[in-house]
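Residue indices begin at 1 and follow the sequence shown. Please read these numbers as outputs of a predicted model, since none were measured by experiment.
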Amino acid sequence: MTISGFTLMSRVLGVMRDILIARFLGTGMVADAFFAAFRFPNMFRRIFGEGAFNAAFIPLFGKRVTRDGCNSAMQFANNAFTILFGTLGLLTLLAIPLMAAIMLVVVPGFLPKAEENLGSEAIEFRIPLRGAKAVYLQTKEGEASFENLSVVKRGNPAFVDVFGEVFGGEVKAEGQEVELASVILESFKGNGEVEFEDTDTEEDKKIKIEAARDQIFTDGGWLVNDGGLLRIPLPPDHDYAVFKGMASGRGALAIYNNDPGAYDLTVKLSQITFVYLLCMALVAHLSGVLTTLKKFAAPAFSPVILNLVFLCGLLGLVQFVEWRGVALACCVALAGFLQLGVLWWVCFRAGLPVVFKRPVFDSSFKRLLVLMGPGVIAAGIQQINLLVGGIVASFQQGAISYIYYADRIYQLPLGMIGIAFGMVLLPEITRLLHSGKEGEARATMVNGLELAMIVTVPAAIALMVIPQEIISVIFERGTFTSSDSFQTGRALGAFAIGLPGYVLIKVLQPGYFARENTKSPMWMAGITVMVNIVFSLVLFPFFGHVGIAIATSIAAWVNVVLLWIGLRGFVTLSSENWRRLRGMVIASLVMALGLLGAKALLAGWIDAGPWAKAISTAILVGFGATIYGIGVLLLRVTSLTELKSAFRK
C-alpha cells in the first residue's frame, strides 16, 4: 500500500478512535485530563524525536549511504540510537516522579480560583466566571454552610481589565446581580445534563429540571455531597462575570472553575503516558532509517498501531469501567512499545538491524548535535507555543477538549497531505541535492506544493463553511452534546483558516533541512511562536478557545511567509503555477457558495435525527467535492491523468 494509503488508514482509524472517546468521555473532566496528559509527552517527542532529530539525522544518514555505503551508515545509526535512548530514558526517569510539580505549569487553570480557611464568622468570596461551565465549592477536612450565593452579569470592562477576569485578577466591571437558584434552572434547561424522553411533555421536562435543581438547592439551603462538594452548573454561553457569596463552618474551602479532581487525575495520567515519549522518539529514528532507504510502508503504518490499540481498549475495556482515563493512558503506553517493536523488527528483516552499542562521540555524531541544536531550539519553541495554548485553554472548562476534537478533524487533511509530503520530500530532495541535481530538487518542491494545495484549499474552505455539521455527525453521541458540537465546530472553523498554511510548512521545510540548514527554521519558528503567544493571550479573553485556534492559524501563515522568503532563488513559481493556484482558489470559492445554498435547503435534515443528519452531511460533502472537481477540470488546473500519477506515489 502507498504512503497516502497507510496515512489515510491511520487518519480514518484515528477518527473512529476519537468518535469513541467523544462518546465515552465527551468534553468533561476526564477528557480534559486525558488530553492534557497525552499532549505532554507528545510535546517532548516532537522536540527530541521526529522533528529536530530526524531533520538532522536523515540528511546525514542519507549522505553516509550515498558516500560510504549502507554498513557504514548503519554504524552511525546505531550510535545515534543508543545515545537517543540513554538521553530520553534519563529524562523519563526524572520526569515521572516530578510530574505533580510539572503539571503546576502545564495546567494552572485546573487549580483553585480561591482558597479560604473557614470559621464561625462568615467570610465573603468572589471569583471570576468568564468561560466557566460550572462552579465547584470543595470543603476539605470539615463542613461548610453557604449563604447569599449569586452571580453578577458582565458589565463593560476596559480592554486591559478583561485579562484579569480570565487569568485570576479582579473583576472591575459588573452589571446586574442574579439570584443563583434561578440560574440553576436556566442551566439545566440548556446544558444537556437533564435527559428527556421523546414522549416528555413540557410539564414533564419542567418536573425533571426542578428535581435536578432540588439535588443542589432545596428549602432555601444548599446541599453539599458526602465528599464536601457543591457543584453549581452555569448556562451555556452565559454572560456572568462574577460568582460571589458567603461561607462559614470549619476546615478549608477551595473554589474551582474546573472539576476539583482534574489536576490530580492529569498528574496520574501523565505519569503513565510519559513513557510514550521514549518509545516514539526511537520510532522516529527507525522511521528515518527506513524512509532514507525508500522503505516508506512501515513508517507510514506505524501510527495505525496506536489507533488499533486505542480501538481495542475503547471497545473491550474503557466502556465497561469507571477508571476510563487510566485505561486510555495505559493504551498510549502499550501502543508506544508495540510501535517500537514493529519498526525494529521491520529494520531487522530488511537487513538493517538497529542495535545498542557503546556510544562514541565522534565527528559524525558531533555534526549531528550541531545540526540538531537549532532544530531542538526550533522544535522547542514550537512546542512552547502549544504549551502556552494548553495553559491558556486550561482556564476555560472544556476548552482543552474542544481544541483537541477540532484539531483531530483538521489534522485529517494535514496528516494525509502535509505530513505525507514532508515524509517523502525530505529524503528525495536530499538525494537529488547530493547527486548534484538541484534543478530536479527545485521541480520536486514545486510539484509537491502544487499537488498539496489542490487538495488542501478546498478542504479548508469546506471546514470553514460547514464545521458544526461535520463535528455533529462525527462526534455528537453519548456524552458529547449538541453544545459540545457547536463549541468544537467554532474552533474547527478557526483552525481551517490556517490549514493550507500548515501544509505549506510541511512542504517548504525540506528545502532547508535537505541542505543541512536548521538555523533558519529555528529563527522563523521563534518569530512564529511569539506571534502565536501574543495573539492567543489577546484573543482568548474575548473569544475563548476559538481565539487560540485563530492565533494558531495566524502563526501558520506568518511561518509560511518567512519560509517562502528564505527559499527565494531555490523555489520559484512560474506563471503557469500561479494560474493553477488561482484556479484552485476560484473553484473552492464557487464550491463554498454551493455549500451555503445546499446547507440552507437541507436545514431540516441537518437538525433532525442522527441518520438524517449523517445523510445530509454526506450529501453536502459529496456535492461540494463534485463542484470543486468540475471546477478544477474546467479551469485546467489539473487533469485526471496527472492526479492518478501523483497520488500513486
Side-chain angles (χ1 to χ4, degrees), residues 406 409-418 421 446-474 488-508 543 546 549-561 564 573-603 605-606 616-640 642-643 646-647:
I409 298 302
Y410 106 98
Q411 285 283 345
L412 186 59
L414 175 59
M416 288 172 57
I417 305 302
F421 269 91
V446 172
N447 290 338
L449 183 151
E450 200 173 86
L451 187 59
M453 287 299 96
I454 199 170
V455 178
T456 308
V457 171
I461 296 294
L463 292 178
M464 284 186 260
V465 175
I466 53 171
Q468 275 90 22
E469 290 77 11
I470 292 172
I471 292 294
S472 178
V473 77
I474 293 175
T488 305
R490 292 174 64 210
L492 178 59
F495 274 132
I497 298 170
L499 177 58
Y502 269 107
V503 172
L504 284 172
I505 291 170
K506 297 295 183 182
V507 173
L508 295 174
F543 302 103
V546 180
I550 295 172
T552 301
S553 294
I554 293 172
W557 283 110
V558 170
N559 201 350
V560 169
V561 171
W564 185 265
L573 297 183
S574 66
S575 58
E576 176 62 15
N577 297 135
W578 284 113
R579 186 194 67 78
R580 291 189 177 198
L581 289 173
R582 284 195 300 271
M584 296 174 201
V585 173
I586 293 170
S588 297
L589 292 176
V590 173
M591 177 198 72
L593 293 175
L595 282 175
L596 288 172
K599 179 179 172 181
L601 292 174
L602 294 171
W605 279 33
I606 292 172
S616 61
T617 304
I619 291 172
L620 286 175
V621 172
F623 181 62
T626 301
I627 293 176
Y628 178 74
I630 293 172
V632 293
L633 292 175
L634 290 177
L635 294 170
R636 294 181 294 110
V637 171
T638 188
S639 66
L640 293 176
E642 289 177 340
L643 288 176
F647 284 102

Test log, rule side chain to side chain contact (heavy atoms under 4.5 Å, CB included), inputs Y502 and T552: CA-CA 10 Å; Y502 269 107; T552 301; 3.1 Å; yes

L504 and W564: CA distance, side-chain angles, deciding distance, side chain to side chain contact (heavy atoms under 4.5 Å, CB included) verdict: CA-CA 9 Å; L504 284 172; W564 185 265; over 6 Å; no

Test side chain to side chain contact (heavy atoms under 4.5 Å, CB included) applied to R490 and Q468, step by step: CA-CA 7 Å; R490 292 174 64 210; Q468 275 90 22; 3.6 Å; yes

Evaluation steps, side chain to side chain contact (heavy atoms under 4.5 Å, CB included), between L634 and I630: CA-CA 6 Å; L634 290 177; I630 293 172; 3.6 Å; yes

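Residues L620 and A598 approach most closely at CD2-CB, 3.6 Å, considering heavy atoms. Pairing each heavy atom of V560 with each of G501, the nearest pair is CG2-O, 3.1 Å. For M464 against A496, the heavy-atom pair with the smallest separation is CG-CB, 3.7 Å. The minimum heavy-atom distance between V585 and V457, with the atom names listed, is CA-CG1, 4.4 Å. For the pair P467 and G489, the tightest heavy-atom approach, listed with the atom from each and the gap, is CB-O, 3.2 Å. In plain terms, the two heavy atoms of A592 and I461 that are nearest each other are CB-CG2, 3.5 Å.
Interatomic distance, NZ of K599 versus OG of S616, reported as 11.0 Å (0.5 Å rounding). Taking CD1 of I409 as the start and CD1 of I470 as the end, the distance is 8.0 Å to the nearest 0.5 Å. A distance of 8.5 Å separates OG in S574 from CZ in R580, rounded to the nearest 0.5 Å. Taking CD1 from I474 and OG from S472, the interatomic distance works out to 9.5 Å, rounded to the nearest 0.5 Å. Here CD1 of I586 is found 11.0 Å from OH of Y628. Values are rounded to the nearest 0.5 Å. From S588, atom OG reaches atom CD1 of I627 across 11.0 Å, with rounding to the nearest 0.5 Å.
Proximity of a side-chain donor or acceptor of W557 to a complementary backbone N or O of I497 within less than 3.5 Å is detected. Side chain of T626 to main chain of G622: a donor-acceptor pair is present (N/O by atom type, distance under 3.5 Å, no hydrogens or angles).
Side-chain contact between M584 and L635 is absent, with no heavy atoms from C-beta onward closer than 4.5 Å.
Note on ring orientation: taking the six-membered ring where Trp is involved, the planes of Y410 and F495 are parallel (angle under 30°, cut-offs 30° and 60°).
Take I550 and apply the side-chain contact (heavy atoms from CB on, under 4.5 Å) test, not counting sequence neighbours, and it matches A494, L539, V546, I554. Partners of R579 under the salt bridge (charged side-chain N to carboxylate O under 4.0 Å, His left out) rule, at least two apart in sequence or in another chain, are E576.
If you run side chain to side chain contact (heavy atoms under 4.5 Å, CB included) between I471 and each of L463, T617, T488, only T488 comes through.
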